[in-house]
Amino acid sequence: MPLQLYNTMGRKTEEFRPINPGKVSFYGCGPTVYNYAHIGNLRAYVFQDILARTLRFLGYEVTHVMNITDVGHLTGDADEGEDKMVKSAAERGKTVLEIADFYTRAFFNDTDRLNINRPDIVCRATEHIGDMIDLIKRIEANGHTYTAGGNLYYDVTSYPDYGKLAGLNLSDLKAGARIDVDENKRNPFDFVLWFTKSKFENQALTWDSPWGRGYPGWHIECSAMSMKYLGEHFDIHTGGIDHIPIHHTNEIAQSEGATGKKWVNYWLHNEFLVLNKEKMSKSSGDFLTLQKLLDKGYESGDYRFFLLGGHYRSQLAFSWQSMDSAKNARKNLIQRTARLLESAGINPAEATGSLSAGNLGSAAKRTENFRTALEQDLNTPRALSELQTLVKEGLNGTIPPADAVKAVAAMDSVLGLRLLEEAEGKAADSTSSGAEFFTDEEKQRIEALVAERTAAKKEKNWARADEIRNMLSAEGIILEDGASGTVWRRIPKTGV
């Protein structure tokens, strides 16, 4: 089936049709680098990663662009409060650029640990001020701006479709609007394209512009940088649902105000991660980072696994119990994959190059189900279930282990759990028995079969004894009879 995506613009699921056949242009809102990313922030980037991986899995050539905001983002998205970068720099006794560099590196350290592929293009706002000024000039030339108090504002009443992404009616907004703290605005929903020193006297980073020395508003950054690298009309724009009513709404108004044409075809938004029924936020001062999860004994893969268990458009409740469940489920999956790898007798390098259905043999149907799950608006819970079933079928002989391993490689190219890498590591570190590769239930079942075989031998029921030995052997388990009884262990890896 063709790829189906839920488009926030119109609030419906639509068939994905790229502007240029076989190619996808994709912009994802990146971080404002004034503090560590919390685990709620990181959900957005795992979502972007799954989207990019899925598109490539489906055969598209993808250009993924992400911004780094290192200037202009105020503590309130609607031009309120202080500049987040300046505030953080003052609190830590550093320069703004030092803060930006430190937290940019910290952000990518987190995304690397989560096995999030780097976007094709990462662009810093401070390196694209000229592009922003050029875009603002076009917006101004088309009659969408006014100057007040030294700042240049976008007049939302000049753009009839303002609020279409969020389903807002400008007349209703104006009627119910509160009094805004910025008295220079003609309308509370107007927003700043360019700030001058009249906003903040001690702004750390400023540039010359036709409107005075100052710095850009947050919203113009994404418009200018996305257009620079993807053109004035591209396929997909992503972000968190909190971007819908202000940031993305303003991006659309200024972008289409500049070009006079449609800007983005598909708008995709991920839901919040919630803690104690509240959105996780840095402003509260109480937020969880990935490092805090690692300090509590979890691995970064456990958190990625947890996120994949929820659909990106569903609110996901975080708890330590849910993390424990994800940790145990992932551990079990790795253990089973290790056994599958042993049974197949091949190394991961032999599997990862065989990603097409034609090379998957009897595992092709399971992989097709996986593909269908992804095509249904990136249904990762169902896709993850297909992977778990595949591994089970590879172990019980329904699917030949070698075919199953290749299919695991294909699926994990999207899910990004590093399963074969982790499984190979487990195999290399295994003890003589390999018992740690089995769950408690599996160990109990094996022990029961060994005991039954011992009893069968005492009763001279050789046929049943041989049947049990052969059955366990097919599962990758070898039995060794000795004076003290029968012990079992995994069959050693025999592949290259």
Side-chain angles (χ1 to χ4, degrees), residues 9 29 32 69 71-84 86 125 129 131-201 203 206-207 209-227 237 239 242-264 267:
M9 186 69 77
C29 277
T32 300
T69 294
V71 67
H73 190 177
L74 306 188
T75 53
D77 290 349
D79 299 332
E80 301 171 8
E82 302 174 77
D83 185 305
K84 292 183 177 183
V86 174
I129 301 299
D131 299 301
M132 298 174 205
I133 290 174
D134 289 343
L135 184 62
I136 295 172
K137 288 179 179 178
R138 295 176 65 185
I139 297 170
E140 184 178 46
N142 288 340
H144 294 293
T145 68
Y146 62 90
T147 301
N151 301 323
L152 186 71
Y153 292 86
Y154 188 100
D155 179 4
V156 299
T157 63
S158 70
Y159 180 69
D161 286 337
Y162 184 80
K164 61 184 176 181
L165 179 69
L168 306 175
N169 182 290
L170 189 57
S171 297
D172 294 340
L173 285 175
K174 291 168 67 177
R178 59 178 172 75
I179 297 175
D180 198 275
V181 295
D182 189 342
E183 296 179 353
N184 293 318
K185 292 183 179 182
R186 297 175 182 172
N187 184 299
F189 302 97
D190 293 347
F191 56 93
V192 177
L193 296 170
W194 188 265
F195 289 106
T196 66
K197 65 180 182 180
S198 62
K199 183 69 177 179
F200 300 117
E201 293 185 359
Q203 180 67 18
T206 59
W207 294 264
S209 81
W211 313 281
R213 188 165 180 86
Y215 61 98
W218 175 40
H219 313 300
I220 196 66
E221 299 175 6
C222 288
S223 292
M225 290 187 285
S226 64
M227 288 187 191
H237 194 315
D242 51 333
H243 288 339
I244 297 172
I246 298 178
H247 183 47
H248 287 173
T249 287
N250 291 350
E251 279 188 65
I252 293 170
Q254 65 196 11
S255 299
E256 298 186 356
T259 67
K261 61 184 180 182
K262 187 174 185 177
W263 181 41
V264 174
W267 289 87

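Atoms considered below: every heavy atom in the structure, side chains included; atoms not considered: hydrogens, waters and symmetry mates.
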Under the side chain to side chain donor-acceptor pair (under 3.5 Å) test, residues paired with [X] that sit two or more places apart:
X      : result
Trp211 : Glu140
Gln254 : Ser223
Ser209 : Trp194

Nearest-0.5 Å distance that lies between atom [atom1] in [X] and atom [atom2] in [Y]:
X      : Y      : atom1 : atom2 : result
Thr157 : His144 : OG1   : NE2   : 10.5 Å
Arg138 : Asn142 : CZ    : CG    : 8.0 Å
Thr145 : Leu193 : OG1   : CG    : 7.0 Å

Heavy-atom side-chain proximity of [X] to [Y] below 4.5 angstrom:
X      : Y      : answer
Ile252 : Tyr159 : yes
Lys261 : Glu256 : no
Lys164 : Thr249 : no
Thr206 : Arg213 : yes
Leu165 : Trp267 : yes
Val71  : Trp207 : yes

Looking only at non-hydrogen atoms, find the nearest pair between [X] and [Y] and report the distance.
X      : Y      : value
Tyr154 : Ala253 : OH-O, 2.8 Å
Ser226 : Trp263 : OG-CZ2, 3.3 Å
Pro216 : Glu221 : CG-OE2, 4.1 Å
Gly239 : His248 : CA-CE1, 3.9 Å
Gly150 : Thr196 : O-CG2, 2.8 Å

Look at the rings of Phe191 and His219 and say which category their plane angle falls in: under 30° parallel, 30 to 60° tilted, over 60° perpendicular.
perpendicular

Distance-only donor-acceptor check, side chains His237 and Glu251, under 3.5 Å:
yes

Chi angles and distances behind the side chain to side chain contact (heavy atoms under 4.5 Å, CB included) call for Asn250, Trp218
CA-CA 10 Å; Asn250 291 350; Trp218 175 40; over 6 Å; no

Face-on cation placement of Arg186 at Tyr153 ring, 6.0 Å and 45° thresholds:
no

Counting N and O atoms only, with roles assigned by atom type, does the side chain of Ser158 sit under 3.5 Å from a partner on the main chain of Asp155, one being a donor and the other an acceptor?
yes

Among Leu152, Leu135, Ile133, Asp131, which residue satisfies the side-chain contact (heavy atoms from CB on, under 4.5 Å) criterion with Ile220?
Leu135

Should Met227 and Thr259 be marked as a side chain to side chain contact (heavy atoms under 4.5 Å, CB included) after you check the CA-CA gap, both sets of side-chain angles, and the distance that decides it?
CA-CA 10 Å; Met227 288 187 191; Thr259 67; 4.0 Å; yes

